[in-house]
Amino acid sequence: PSQRGRWCEDLSIPKVEEAGGILLYAGSAACYDPRMKRAVRSLASLMSSADVKFGALGEDERDSGDLVRYVGEEGFLEELIRKNIAIFEKKEVRTIVAFSPHDYEMFKFVYPEHEGQYEVFHYTEYLALLMADDRLQVNQSSKANLKDSRKEIRVVYHDPCYLSRYGALTREPREVLRSLPGVVVEEFEENRANTLCCGGGGGRMFLETEAGERFSNLRVNEAAELGVDAVVTACPFCVQNFEDSLKTEKLDGIRIFDLAEFTAHRVL
């Protein structure tokens with residue numbers, strides 16, 4: 001827990017109680033996994049560039065309880081929710097911008113059942129609102145750090161289960177992508193509410209699945225068949241699984257981006 005706030009310790013992000021109650025909730029994956037730390041830092045940079053006054057909890061942040069809930073540990077879940085609500089009240093949290101769809105689902109749909117009432121956004125929804133208000137200015141000359149000199153990049157967007165099935169947020173990520181210059185957005189055959197799971201939700205990130213049965217392997221092979229340059233998604237589990245599957249399937253020439261980092265490349 002003492003390491004939890006290190007993702008933002010050099011970003012000059014104030015404590016949430018000093019920022020008008022808007023909390024950027026990083027979540028466990030982004031706090032501890034080096035790959036996802038980069039993505040949530042991109043999100044923080046985007047919000048800062050849009051002059052959003054927001055804060056973080058740092059070492060006071062705790063897990064939302066998503067995985068605990070889905071593996072059935074109800075007693076521990078109650079404890080986590082109770083402690084988080086107490087922290088949010090103490091820190092005067094009014095609005096939560098969640099980085100992970102799993103945390104978004106918890107704060108949006110589960111915490112109200114325990115008297116935890118907040119205005120909750122997934123970050124893709126929040127970025128779409130900032131762009132609609134012209135608060136995020138697109139860098140028209142950006143090439144998104146491509147290895148070659150082409151200005152155009154073809155991407156396919158993967159809908160995370162917890163964002164599309166449970167949160168019904170499918171339009172907003174695509175609005176963000178299509179607002180970026182030089183980006184051609186392709187679609188998987190199974191998309192939106194009918195998306196193919198990456199295999200990481202509901203606690204399955206901590207179960208070993210036989211290589212031939214991994215949904216993430218199927219997904220990256222579908223991306224290869226589409227001939228895209230990159231897969232863009234908006235969930236830390238999806239990013240981790242897809243990058244692992246690229247190695248398993250020995251696929252070169254495709255990159256995996258979280259939407260926040262992909263957007264930051266073309267906006268900042």
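To the nearest 0.5 Å, the span separating CG on L180 from CD on E175 amounts to 12.0 Å. Remark: L77 CG to E73 CD distance equals 9.0 Å, nearest 0.5 Å. Going from atom CE of M36 over to atom CZ of R41 covers 13.5 Å, rounded to the nearest 0.5 Å. The CD1 atom of I81 sits 8.5 Å away from atom OG of S64, with the distance rounded to the nearest 0.5 Å.
If you check the side chains of S42 and E261, you find no donor sitting under 3.5 Å from an acceptor.
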- [ ] Could you walk me through whether Y118 and Y25 pass ring-ring contact (aromatic ring centres under 6.0 Å, His included), step by step?
- [x] CA-CA 13 Å; Y118 314 100; Y25 182 88; over 10 Å; no
TODO: Take R69 and E105 through the salt bridge (charged side-chain N to carboxylate O under 4.0 Å, His left out) test and state the conclusion after the steps.
DONE: CA-CA 12 Å; R69 179 189 183 210; E105 192 231 359; 3.3 Å; yes
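If you look at H102 and F237, their ring centroids are closer than 6.0 Å. Remark: aromatic rings of F257 and Y157 are distant, center separation not under 6.0 Å.
Both V231 and L251 belong to a common hydrophobic cluster when Ile, Leu, Val, Met, Phe, Trp and Tyr are linked at side-chain heavy-atom distances under 4.5 angstrom.
Residues passing the side-chain contact (heavy atoms from CB on, under 4.5 Å) test with A193, sequence neighbours excluded: none.
Taking the charged nitrogens against the carboxylate oxygens, E78 and R82 have no contact shorter than 4.0 Å, which rules out a salt bridge.
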